[in-house]
Amino acid sequence: MTPAASKLYTDDVSLLMVLIDTNPFFWNSIKSTLSFSKFISNVLAFLNSILLLNQLNQVVLIATGYNSCDYIFDSSASQNQNQRAESLLQKLEEFVEKDESLCREDSVDAPGFSLLSGSLSMALCYIQKVFRSGPLHPRPRILCLHGSPDGPGQYVAIMNAIFSAQRSMVPVDSCILGAQHSAFLQQASYITGGVYLKPQLLDGLFQYLSTVFATDLHSRSFLQLPKPVGVDFRASCFCHKNTIDMGYICSVCLSIFCKHQKKCSTCGSVFGQSQAQDSSTPDRKRKTSVDK
Amino acid sequence: MVRWCGESTEPNKPIPIYFGPKTTGAHPRFLSRRLPSPATLPQHLTTENKDAAAILRSLPPLAKKYVLQLLYIDGPVTAKLLDEWVLPDGVSKHKVAIDRLIQLRVLSETLDRKKEATYRLNPTFQLNLQKHILHGGILPREPMPLNVTVRLPSLEDLDAYAVQQWECFLLHLINSAEAEKSTNISSSMMKVFQRCLLNQRDDREPPKLTESGFQFLLMDTSAQLWYIIREYISNSEDHGVDTADLIAFLLELSFHVTGEAYNVNTLTDVQRHIIKDLADLGLVKLQQGRKESWFIPTKLATNLSISLADSSSRKQGFVVVETNFRMYAYSTSKLHCEILRLFSRIEYQLPNLIVGAITKESLYKAFESGITSEQIISFLQQNAHPRVAERIPSVPENVTDQIRLWESDLNRVEMDPAHLYDEFPSRDVFESACDFAREYGGLLWENSKKMRIVVKAEIYAQMKEFLRRQKE
């Protein structure tokens, strides 16, 4: 599925972008199985072990909040090893507070979605910056530690991010912490050739992280990694942001709609009236759907 | 050629150093050579937290991964389970990784009741790594506060210093062959080079570069560094220094932060001595304050624990080779000029440019000093100017082919001292002489029409005896 790496960088030096979900509504919902602090300590140990494996390895942590996302930690920027964890935690706390202050304005109905599209784009921007820094750079990959349900409103943005990751050959690994599978991340990992995993027992999160997600891209060609069981390819419609099994597709720009439209809202093409009256028009396409 | 320590069957035998220019995949590390003395190793692993980390970093990628995977598994793991981790493509890499882990005593292998092999991590090693992962890397010593150290060099200055010091040492190596004396390299370091790079017959004659010395000059910096460090360790061993301490200190050094100052007073006497030697090579910079003195590790020192295959530590190239065998090297360094002179004719030198030509004569000179065509080609490829480095091939094919052809030209004609016999009295005598020579494996050429044979000089005596008997 993924194009083979066209450029050989270095053997096993990696740049790992870790996106952590800090959506408070999600963490509140699973606090009985995995508390946020326990999750963070697992992630810290994981980051330490990645940095331990090779001293050229680089780790960047991005927090995906409810309203915003931000860089929390960059191993290449921080010189002092001893206070690594302290500065990270402090930055994270500041971020969570800021995120909360943005939240107060509108009343929120549970369950909230976190801003995955934003943090994915930030990660890809960072990677592009590294790509342009010189001929020799570590091999990048993205790891999403995600739990919130998919926000159908972000469908287009996320798909764009996924395709841009595919183009720059950056695998997106996803580790699902919530109860539900994430169709977005299933597609992301499938399209970019990353690993999608929903751990059975969240208690052993570190073991999952170190066994599966610590594998550098060089070793992935030799090791047995979890295979996708099934991918939910369902799309969201552009008009109401609903996840749909079947819908209408603009024959010009491929925009997806759940109901018949007279005019495409994206490209402005006018659809023929006569065909629209007939419900079995060729205009109506079936979307593939694969059962989970 | 030795790739991994795992390929050697006897753990105690020193492993010959791989000398080729291709370092991808090969890790001629001192760990592989020095550590495996069964009694001392486990003890060594226990001593320091950071040693465990350094050992982990020196492992092949797959082995690192396995250690991480086994880190929180307390019980033994069966070999069968480990085998399930790999795809069919990776079986050989898997074996190498496991062998390497066993040889460094990171994994211990035991047979259980059902005669199945089980593995488990060395408990002390495991504990140390767990600590490291939970608490992050702990620095070996605290850097000095900024108010004591007056003016620290910037990172760029420090890099420049390291490069300059290293080049100075390499130039010294070349120049000592030209009997030019420069004295900023200490005698203890010179002894290290004399172990194998230089060859001095007696005191009056200037030392000459040996074959390995020439090859050494064409290696990339990290390979050179490792080579010197290994020689340094063996040299100290001969002088009765405890190598375990030395290795521990070198490993420790690689975990210091580049550009920070560390107080020399925190070192032991032996370590202070080592630091002085390392300063000659540009691994550390020594500075003297009003009261205290301190050392600043450079990139060379902190890169010690990177595996050699990592090309990311490599510098930017500077050589452009054209299809007409002309070579343009954008460099101001005298060292580069001297290295290029090893195998090419330098025609003129501008302030930032060295122009030369690769000629048959210049190459023959290089081949005579023991440099191979592959080493020259890989040197040109590794140091290709960024403008041409993106092209494939970075060195024109006709040039690389010709360099190889010229080398094989030298090997094409084989010389055997021989004797020609002719004017045989009869065909019978000729044929029996032929058979006789053939029997001894000395027949090089025969012409039955003119009754002439050419026989190797080795069997001249037997041949003479045989012909004398034939006459009778």
Side-chain angles (χ1 to χ4, degrees), chain A residues 6-15 41-42 44-58 75 78-88 133-139 203-225 227, chain B residues 24-25 52-54 56-57 59-73 83-94 97 129-130 132-139 142-143 254-255 257-260 302-307 309-314 316-317 386 389-390:
Chain A
S6 69
K7 207 166 156 193
L8 268 181
Y9 309 114
T10 43
D11 267 5
D12 65 327
V13 183
S14 29
L15 160 63
S41 55
N42 273 307
L44 277 180
F46 174 66
L47 297 187
N48 271 336
S49 51
I50 294 289
L51 292 174
L52 173 69
L53 284 181
N54 192 319
Q55 75 198 63
L56 294 175
N57 277 358
Q58 202 185 327
S75 67
S78 73
Q79 270 288 325
N80 199 340
Q81 294 188 358
N82 288 356
Q83 271 117 44
R84 215 148 57 184
E86 284 83 352
S87 67
L88 189 153
S133 65
L136 288 170
H137 44 76
R139 298 183 67 174
D203 283 341
L205 183 63
F206 179 77
Q207 193 62 34
Y208 285 107
L209 292 175
S210 65
T211 311
V212 179
F213 299 107
T215 320
D216 56 82
L217 299 183
H218 174 70
S219 305
R220 286 194 184 191
S221 39
F222 317 120
L223 287 176
Q224 204 91 46
L225 290 169
K227 301 239 161 39
Chain B
T24 16
L56 181 71
R57 278 189 184 167
L59 294 170
L62 217 53
K64 286 182 197 176
K65 178 76 205 334
Y66 290 168
V67 172
L68 198 59
Q69 218 155 324
L70 292 171
L71 196 57
Y72 281 93
I73 297 176
D83 290 341
E84 277 172 17
W85 288 350
V86 283
L87 296 170
D89 284 355
V91 174
S92 63
K93 295 226 176 208
H94 173 78
L129 270 191
Q130 286 179 357
H132 189 112
I133 279 181
L134 288 183
H135 304 297
I138 292 159
L139 289 178
E142 281 296 310
S254 68
F255 279 82
V257 179
T258 316
E260 294 277 355
T302 45
N303 280 358
L304 273 177
S305 66
I306 308 180
S307 45
D310 297 337
S311 47
S312 34
S313 51
R314 210 174 279 154
Q316 222 180 26
E390 282 161 21

Parallel, tilted or perpendicular, as decided by the 30° and 60° cut-offs, for the rings of B:Trp85 and B:Tyr66:
tilted
Could you state the interatomic distance from CG (B:Leu71) to CD (A:Gln207), rounded to the nearest 0.5 Å?
8.5 Å
Between B:His94 and B:Asp83, does any side-chain donor sit less than 3.5 Å from a side-chain acceptor?
yes
Within-4.5 Å side-chain heavy-atom neighbours: A:Ile50 and A:Phe213
no
Answer with side chain, backbone, both or neither: which region of A:Leu51 has an atom nearer than 4.5 Å to a non-hydrogen atom of chain B?
backbone
Turns out that what part of A:Ser221 lies under 4.5 Å from chain B's heavy atoms comes down to backbone
If one checks every heavy atom of B:Glu84 against chain A at 4.5 Å, the contacting part turns out to be backbone
